[in-house]
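Below is one structure, written out as structure tokens; comments come after it.
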Amino acid sequence: MAHALALAERGLYTTTPNPRVGCVLVRDGAVVGEGWHARAGEAHAEVIALKAAGERARGATAYVTLEPCHHHGRTPPCDAALIAAGVARVVAAMQDPDPRTAGQGLARLRAATIETHCGVMETQARELNIGFVSRVTRGRPWLRMKIAASLDGRTALANGQSQWITGAAARRDAHHWRARACAVLTGIGTVKDDDPQLNVREVETTRQPLRVIVDSRLETPPSAKILDGSGVVIFCARDDGAKGKALRQRGAEIVVLPNAAGKVELPALLAELGRRGINELHVEAGHKLNGSLINEDCVDELLLYLAPCLLGDTAAGMAALPALTSLAARRQLVIHETRMIHGDLRILARFV
């Protein structure tokens with residue numbers, strides 16, 4: 001199963017909106033076939049492994065990182081393919097949370113007298129597909145907020161200067177997280193202050209994530225670098241005819257989602273991205289939008305890069321949150337992982 005998970009990870013940057021899945025076929029103590037799903041519309045991991053094994057698949061054990069699919073999508077169901085190939089046993093890391101399968105794949109295998117087991121290395125399998133699980137169970141993507149800051153939690157000087165707080169290795173590492181995401185989100189403040197591209201440049205990938213801007217009043221300049229290339233969606237509170245037309249001419253899609261305060265309704269934005277098949281949403285924004293996303297319970301985890309320096313109280317913080325009158329009201333997180341990245345500390349922390 002560990003090998004199957006390693007195979008599944010090869011599709012880390014490309015499988016969206018599908019889950020990342022690997023499969024290993026073993027017969028008489030030897031691997032006879034293996035495969036992983038690369039991208040939507042192409043063969044699933046089980047089908048690739050079965051093709052590699054050929055007749056040796058008969059009587060084999062299939063180790064697969066996700067319950068074989070039961071439904072017809074762009075490709076036929078994998079449970080039927082395993083039955084037709086004559087495998088004797090199927091070991092799945094986890095049940096598929098997609099309601100179109102959700103245990104039905106394993107049930108169909110058992111009905112065909114194939115031995116099944118589920119739950120082997122389930123934690124690792126769930127982590128690999130944390131965004132897919134979020135989308136099909138909650139109807140919204142897994143939101144990961146990336147913040148680069150000093151040790152005293154400051155992200156920019158009072159004059160707006162923020163490049164660069166962390167080192168080059170940390171910035172390269174952050175591009176890995178961009179690459180695995182289905183979409184990268186930022187706010188109008190970051191667009192105007194930094195004019196970012198928000199694409200993947202530091203790691204090799206055949207797919208660029210969708211770029212999303214939260215811009216209540218459609219203030220994105222038509223000359224902004226983020227509009228270069230395809231795949232940009234701007235969420236606003238009101239579509240100004242002239243501004244909207246100029247941005248559409250640059251290839252941007254405009255989506256109007258106002259809340260009662262005349263700003264973008266952030267939970268509705270997440271639901272809309274979920275409907276579009278976005279599994280993982282990577283946020284790189286300023287402290288105002290960060291605070292709004294946290295305050296509206298939109299954030300699942302923080303990806304923090306902390307540089308060994310201090311910027312002082314006048315510098316901008318990580319997130320603009322309401323003042324607390326009691327420590328009991330503080331937002332609790334659990335440290336999921338820590339790692340040193342060439343002198344900078346990377347912390348992955350999840351909201352309780």
As a quick check of understanding, evaluate side-chain hydrogen bond (donor to acceptor under 3.5 Å, both in side chains) for Arg89 and Tyr63, giving each step before the final call. CA-CA 9 Å; Arg89 189 166 70 115; Tyr63 295 90; 3.2 Å; yes

Verdict with supporting geometry, Val299 and Asn290, side-chain contact (heavy atoms from CB on, under 4.5 Å): CA-CA 9 Å; Val299 183; Asn290 285 351; over 6 Å; no

What's the verdict on side-chain hydrogen bond (donor to acceptor under 3.5 Å, both in side chains) for His3 and Glu34, showing C-alpha distance, side-chain angles and the deciding distance? CA-CA 9 Å; His3 183 47; Glu34 61 182 43; 2.8 Å; yes

Check the pair Thr166 / Arg171 against side-chain contact (heavy atoms from CB on, under 4.5 Å), numbers first and verdict last. CA-CA 7 Å; Thr166 54; Arg171 298 196 297 274; 4.0 Å; yes

Walk me through it: do Glu127 and Arg180 pass the test salt bridge (Lys or Arg N to Asp or Glu O under 4.0 Å)? CA-CA 13 Å; Glu127 284 293 323; Arg180 67 172 285 168; over 6 Å; no

Assess the residue pair Leu333 and Arg350 against the criterion (side-chain contact (heavy atoms from CB on, under 4.5 Å)); give the C-alpha distance rounded to whole Å, side-chain angles, the decisive distance to 0.1 Å, and a yes or no. CA-CA 5 Å; Leu333 297 105; Arg350 293 180 176 169; over 6 Å; no

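With Arg172 contributing its side chain and Glu202 its backbone, the two residues share no donor-acceptor pair below 3.5 Å. For Arg20 (side chain) and Leu12 (main-chain N/O), a donor-acceptor pair under 3.5 Å exists by modelled atom type. Side chain of Arg178 to main chain of His282: no donor-acceptor pair is present (N/O by atom type, distance under 3.5 Å, no hydrogens or angles). The main-chain N or O of Ala93 is never found under 3.5 Å from a side-chain atom of Thr65 such that the two would form a donor-acceptor pair. Thr186 contributes a side-chain N or O that, together with a main-chain N or O of Glu284, makes up a donor-acceptor pair within less than 3.5 Å. Counting only distance, with no hydrogens or angles, the side chain of Arg27 and the backbone of Gly59 share no donor-acceptor pair below 3.5 Å. With hydrogens and angles ignored, the 3.5 Å screen pairs no side-chain donor or acceptor of His117 with any backbone N or O of Val91. Not one N or O on the side chain of Asp195 forms a donor-acceptor pair closer than 3.5 Å with the backbone of Ala224. The backbone N or O of Gly103 lies less than 3.5 Å from a partner atom in the side chain of Glu67, making a donor-acceptor pair.
Taking hydrophobic clusters as Ile, Leu, Val, Met, Phe, Trp and Tyr residues chained together by side-chain heavy-atom distances below 4.5 Å, Leu109 shares a cluster with Val21. Note on Ile254: it clusters hydrophobically with Leu227, by side-chain heavy-atom contacts below 4.5 Å among ILVMFWY residues. In the hydrophobic cluster analysis, where Ile, Leu, Val, Met, Phe, Trp and Tyr join through side-chain heavy atoms closer than 4.5 angstrom, Ile188 is grouped apart from Leu185. When hydrophobic clusters are built by joining Ile, Leu, Val, Met, Phe, Trp and Tyr residues whose side-chain heavy atoms come closer than 4.5 Å, directly or via intermediates, Trp36 is not grouped with Phe132. Ile234 and Leu257 are members of different hydrophobic clusters when ILVMFWY side chains are connected at heavy-atom separations under 4.5 Å.
Asp313 is not listed as a side-chain neighbour of Asp152, based on a closest heavy-atom distance of 4.5 Å or more. For the pair His44/Cys69, a side-chain contact is recorded, criterion being any heavy-atom separation below 4.5 Å from C-beta on. Side-chain contact between Met318 and Leu302 is absent, with no heavy atoms from C-beta onward closer than 4.5 Å. Looking only at side-chain heavy atoms (C-beta outward), Val233 and Leu273 stay at 4.5 Å or farther from each other. The side-chain heavy atoms of Glu272 and Arg275, taken from C-beta on, include a pair separated by under 4.5 Å. In this structure, Trp177 and Leu348 have side chains that are in contact, with non-hydrogen atoms separated by less than 4.5 Å. With contacts defined as side-chain heavy-atom distances shorter than 4.5 Å, the pair Asn279/Pro141 does not qualify. Between Leu198 and Thr190 there is no side-chain heavy-atom pair separated by less than 4.5 Å.
Heavy atoms from other residues, nucleotides or ligands lying under 6.0 Å from CH2 of Trp142 number more than 12. By the 6.0 Å contact criterion, CG on Asn159 is enclosed, its count of non-hydrogen atoms from other residues, nucleotides or ligands being greater than 12. Within 6.0 Å of CZ in Arg238 there are 12 or fewer heavy atoms belonging to other residues, nucleotides or ligands. Few gaps surround CD on Gln163; more than 12 heavy atoms of other groups in view lie less than 6.0 Å from it. The 12-atom threshold is not exceeded at CD of Glu55, counting heavy atoms of other residues, nucleotides or ligands nearer than 6.0 Å. Within a 6.0 Å sphere centred on CZ of Arg138, other residues, nucleotides and ligands contribute more than 12 heavy atoms. For His336, the NE2 atom counts as densely surrounded, since its 6.0 Å shell holds more than 12 non-hydrogen atoms of other residues, nucleotides or ligands.
Under the 4.0 Å criterion applied to side-chain N and carboxylate O atoms, Asp297 and Arg331 are assigned as salt-bridge partners. Salt bridge status for Arg140 with Glu296: absent, with no side-chain N to carboxylate O gap under 4.0 Å. Using a 4.0 Å cut-off between charged nitrogen and carboxylate oxygen, Glu337 and Arg346 count as a salt-bridge pair. By the 4.0 Å N-to-carboxylate-O rule, Lys243 lies too far from Asp215 to be salt-bridged with it. Salt-bridge check for Lys146 with Glu280: failed, with every basic side-chain N at 4.0 Å or more from each acidic carboxylate O. Electrostatic pairing of Asp228 and Arg211 does not count as a salt bridge here, judged by no charged N lying under 4.0 Å from a carboxylate O.
Of the options Val256, Asn259, Leu270, a side-chain contact (heavy atoms from CB on, under 4.5 Å) to Glu265 is made by Asn259 and by none of the others. Remark: of the listed residues Cys236, Pro258, Ser216, Ser216 is the sole one forming a side-chain contact (heavy atoms from CB on, under 4.5 Å) with Lys263.
With rounding to the nearest 0.5 angstrom, the CD atom of Gln161 is 10.5 Å from the CG atom of Asp194. Between atom CG of residue Asp173 and atom OH of residue Tyr305 there is a gap of 3.5 Å, rounded to the nearest 0.5 Å. In this structure, the separation between OG1 on Thr15 and NE2 on His37 is 6.0 Å, given to the nearest 0.5 Å. For the atom pair CG of Leu143 and CG of Leu266, the computed distance is 9.5 Å after rounding to the nearest 0.5 Å. Here the straight-line distance linking atom CZ of Arg207 with atom CZ of Arg39 works out to 10.0 Å at 0.5 Å rounding. The structure places OG of Ser134 at 12.0 Å from CG of Asn129, a figure rounded to the nearest 0.5 Å.
Smallest separation of non-hydrogen atoms from Ala156 and Gly160: CB-O, 4.2 Å. The two atoms that bring Ala237 and Val264 nearest to each other are N-CG2, 4.1 Å, heavy atoms only. Here the closest heavy-atom approach between residue Val203 and residue Ala179 is recorded as CG2-CB, 3.7 Å. Listed here is the closest heavy atom pair of Gly105 and Thr101: N-CG2, 3.9 Å. Considering every non-hydrogen atom in both Leu128 and Ala8, the closest pair reads CD2-CB, 3.5 Å. Closest of all the heavy-atom pairs between Ala62 and Leu25 is CB-CD2, 3.4 Å.
Judged purely by distance below 3.5 Å, without hydrogens or angles, the side chains of Ser150 and Arg154 never pair a donor atom with an acceptor atom.
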